[in-house]
Amino acid sequence: MSAKKGIPTGWEVVIGLETHTQLSTASKIFSGSSIAFGAEPNTQASAIDLALPGTLPVLNKAAVECAIKFGLAVNGGDDRHIAPRSVFARKNYFYPDLPKGYQISQFELPVVTGGSVTINVDGVEKVIRLTRAHLEEDAGKSVHGYVAEGYVEDGYAEEPAHGQSGIDLNRAGVPLLEIVSEPDMRSAEEAVAYAKALHGIVTWIGICDGNMQEGSFRCDANVSVRKFGDEKLGTRAEIKNVNSFRFLEKAINYEIRRQIELIEDGGKVVQETRLYDAERDETRSMRSKEDAMDYRYFPDPDLLPVEISRDWVEEVCAAMPELPETAAARLVAEDGITIVEARLITQSQAFVRYYENLREYSGSAKRSARWMLGEISAFLNREQLEIDDPEVPSESVVGTIIASEAAQEISKTVAREQFQALCDKTEADIQALTKIIEKHELRQAWIRYIESKGLKQVSNAGAIEKMIDDVIAANPKSVEEYKAGKEKALNALFGQVMKASNKTANPAQVTEILKRKLAS
Amino acid sequence: MELHPDDLKRIARLARIAVSDAELAPLQSQLNGIFGLIDELQAVDTKGLEPLAHPLDVVQHLPQRLRDDKITELDQREANMANAPASENGLFLVPKVLE
Amino acid sequence: MSLNLSYASLKSLRAALDSKQVSSVELAEHFLARAEDALSLNAFLHIDRGLTLSQARAADARIAKGEAGALTGIPMAHKDIFVTRSWRSTAGSKMLADYVSPFDATVVEKLNHGAGMVCLGKLNCDEFAMGSSNENSAFGAVKNPWDTSRIPGGSSGGSAAAVAAGLTPAATGTDTGGSLRQPAAMCGISAIKPTYGRVSRYGMIAFASSLDQGGPMARGAEDCALLLDAMAGFDERDSTSLNNKQAATPILARFSEAYASNASTGAPLQGVRIGVPQEFFGEGLSADVRAAVEAAIGEFEKLGATRVEISLPRTRLSIPAYYVIAPAEASSNLSRFDGVRYGHRAKEYRDLKDMIERSRAEGFGAEPKRRILTGAWVLSHGYYDAYYLQAQRVRRLIAQDFQEAFKSCDFIMGPVAPTTAWKIGEKNNDPVAMYLEDIFTLGVSLAGLPGMSVPCGFGADKMPVGLQIIGNYFDEGRMLAAAHQYQQVTDWHARTPEAFR
Ligand SMILES: [Mg+2]
Ligand SMILES: [Zn+2]
């Protein structure tokens, strides 16, 4: 048992996640309203979504299909985890953004039971078990700080004493798949790794756009702590409203500290819902405990049990994309790349697409994989970009650079610098060149460019020998040190040669000739 | 089963119906009368029986019908909000929601 | 021969319209005038001459173009539980006193826009269809046209009273535990609650979703057949609406076929077995009702049917099962009335929670409150299994009993209610006594079976008595045909209250 980051020794943390993923359907789960993001308030709230008297729900087939896909994805395609018969229940509670006074959800018989997600923290793999995944409808939203005189645009900043809340029900009835994990995570890092892996799965199979800012992927974390070795679980607190991986980590870590400090000070953790406040980096109690929640679940009499035939599951299964694990194994076998590279590449469909294009343009799978793992990932992390964002240099250009590097036309260093220039958009001629390459796929254009810039790698032995002779003549001290057995002195001489060549000399050749000349 | 004033208050809160102290006693006795009636169920042996949610389930199997994923509801905001007790700029207005 | 428009059958109104003896506008004017003259009955809640007459003019245009169906141009009125785009829709509640729906219920769509019937307005009912006497309307009790000191039955009391008083030739009603059959019996008219799932619930303000079913009320069984045929049918907006083969067979076709099969013989109901459940004739059934019902069964025997003694052993249990299931579903269905998006909102409140609690306390009357609280209680933590699930299991037993009975009979017959209509105010303060009155109708609702009420005589106090005819699922056509045969040889359905002739 290794020590976990941020957790005091002697304590164990137990975390389970409930994740609400918004399903990528066109219409709502029980009505024909659009779910497009960003519409004017209540323009996508039909009579059904507003629960006007006399309205009834009718279930969207595509939402059920999304649940089936997910069930197959987290069970390696095993259909035994898709319930042949599942039931929609009413969860009764009053809230102004809940138009019917109940949420249609699933309680006793969800569409998906079981399954697992594999995570990797610091090179160690761990399997997180899933309890279930059920379909339900989203609620609307309250726009706070609404003053009768006018709508405060950002809404949250001011909350006048006599302000009212505005209710926008566009989101009411948006289809959700709530994915519940077992309490298998033991640190905030593991929880984040799980959330990321889950995010990868739902976006990979295309049931969720994964947009966390727009609330398409929201995590609630159930966190408890116990003394190491204790059998019994501690009392848990549920942290709601976490909409980024970074906040998830911070919120959990805050909660761990709060609970441990509370217990160490002789206090007791109470079971409650807490809200993460990103601005203050803390969680605070959310619901008054005036009446303990009694949701009075019962099967919705407006909806019959949903039946999912094996034929239907098979149909869905046949139309599913290759799952990430399978794709990774295939890449290892076919492209000869490492499993670590393959896992990284298969983090999303977009990543795979980028890699496959890169492989095509560069003519080298191994180099492409290395670039994906190295330069490209570093760039994405630094700039907080997604691989399919328009700011990311196109595969044709990056592939051309890699091909050029592979053909030893440019050095590795120059290749990196040129990629960087491309990313930074610093050099105007690179931008122009990008256009030419994209249009005509001209490697020639690239070669002319590097030649004109004096970047073309020099592999001409005569030219390199000339440069080395000059460096040896100008650095007698280093030469002496090297001959006296100081290996490091070679690096200094090597550096001088590269500098003299404006980084264009072929490094392998430089080392070889340098060693030969010094040995004589 | 007998309903006590505290139970009644809790249920009234759960159902969001304000009950005044004066209403409490008569309501309690009426509900206890109703519970006297429905307690007759307790004596029935129903072991092994599935609850019947949809009446026709007794004679035939009725799965839920599913709808194609199509946008069929267009913007009817004005008509749909015409009955709102308070609204402004396309939002329903309520006393401040506290979280 | 001059036609008494007020009490004419739909068929004869059709003939009068087709032969230009009368126009749809004239018919509408006639009934609107009667409705306005009979305001003291309190049957109508909303009348809008202009709207009605414009529908009548449209119907006349259809008739003139030769595009009239069986019901085009014939007036009718809706129980105020069906939402309508033009008339207010209150469900008999203060909660919805000013509510105007932005859409029409499917039934309204079918009858008025589809079949071309002319809507005379909206009819009073017990608040949210909860009641057996129509005294629970926030807009006042409805009076029984046979004796205005008495209740018309409920919850479709306004519909029953309006048809009985000749204020409309037809009306819609809904039945959750007997609300079509019982008021029809008490007002001496015919009504049918179809198989659950036959008539769309879209646009019916929900009381108890797994029980609610709309149906027609009219003078005779043949009128009901015409109306039900137009009301019924698959609706994609209602997930519990049936679209199987049996539901797809038109009711009118089944009715005509069944009626014609033996009509020419002296014994048209030859071979029909009538099950008479002993539990419907026990203690608690008043002697006058028993006599009228027995006589009616005797008439059916004269028509060739045979009588079979059967048992529905859980009849008594239908009361507790129903009074768990219906309030449970109601408590949830009525949660949407929170004063946020529509409906009553209290004038004064401290905060959001208080606003909702007071709006609901002010908007709902005593009976919905009792049922909401009962329902919330039986669903609450620790009681759900013992009450709600147990009731649903007993419900299965009750439904199975009916299937067992149908092995030895085609229809089940008995009384609709233990007594005739009682005096207004008589049982007002005793909900349990009122609930016990529903004993013969609840089982049919729990089982989702079709059930009819057919006028079959008068009690000691000269109040109408109804015969209940219960059929197996989807057997409405045959039930209506049998009732129609009975109405060929009796005239109870043609009797009218003196004050409204
Ligand atoms: Mg949850
Ligand atoms: Zn949820």
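Proteins get letters first, then strands, A, B, ... in listed order; numbering begins at 1 in each. Quick caveat, the model's predicted, so the values are computed rather than measured.
Using a 4.5 Å heavy-atom cut-off against chain A, the contacting residues of residues 69-84 of chain B are B:D69, B:K70, B:I71, B:T72, B:E73, B:D75, B:R77, B:N80, B:M81. Contact residues of residues 53-64 of chain B toward chain A are B:H54, B:H61, B:L62, B:P63, B:Q64 (heavy-atom distance under 4.5 Å). Among the residues in residues 19-30 of chain B, none has a non-hydrogen atom closer than 4.5 angstrom to a non-hydrogen atom of chain A. Residues of residues 33-41 of chain B lying under 4.5 angstrom from chain A, judged on non-hydrogen atoms, do not exist here.
Heavy atoms of A:P301 lying under 4.5 Å from chain B are absent altogether. Heavy-atom distances place no part of A:F298 under 4.5 Å from chain B, backbone and side chain included. Looking at A:A26, the atoms closer than 4.5 Å to chain B (heavy atoms on both sides) sit in the backbone and in the side chain alike. Contact annotation for A:I29: only backbone heavy atoms (N, CA, C, O) come within less than 4.5 Å of a heavy atom of chain B. Neither the backbone nor the side chain of B:A86 comes within contact range of chain A; no heavy atom of the residue lies under 4.5 Å from a heavy atom of that chain. The contact between A:L52 and chain B is made entirely by side chain atoms (from C-beta outward), counting heavy-atom distances below 4.5 Å.
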Evaluate side chain to side chain contact (heavy atoms under 4.5 Å, CB included) for B:R65 paired with A:L304, printing each intermediate quantity in order. CA-CA 8 Å; B:R65 189 168 37 80; A:L304 296 157; over 6 Å; no
Report the C-alpha separation of B:V94 and A:I167 in whole Å, then their side-chain angles, then the decisive distance to 0.1 Å, and conclude whether the side chain to side chain contact (heavy atoms under 4.5 Å, CB included) test is met. CA-CA 7 Å; B:V94 295; A:I167 304 293; 3.9 Å; yes
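The two atoms that bring A:F94 and B:L14 nearest to each other are CE1-O, 3.5 Å, heavy atoms only.
Heavy-atom pairs under 4.5 Å with chain B were tallied for A:I35, A:D168, A:L50; the largest tally goes to A:L50. Between chain B and the options A:V64, A:T25, A:T43, the largest number of non-hydrogen pairs under 4.5 Å is found for A:T43.
Within 6.0 Å of CZ in A:R310 there are more than 12 heavy atoms belonging to other residues, nucleotides or ligands.
Formation of a donor-acceptor pair under 3.5 Å by the A:S165 side chain with backbone atoms of B:V97 is found in this model. Panel note: side chain B:R67, backbone A:S31; a donor-acceptor pair is recorded below 3.5 Å.
Taking CG from A:N42 and OG from B:S87, the interatomic distance works out to 9.0 Å, rounded to the nearest 0.5 Å.
Among B:L91, B:L93, B:N89, the one residue that satisfies the side-chain contact (heavy atoms from CB on, under 4.5 Å) test with A:V143 is B:L91.
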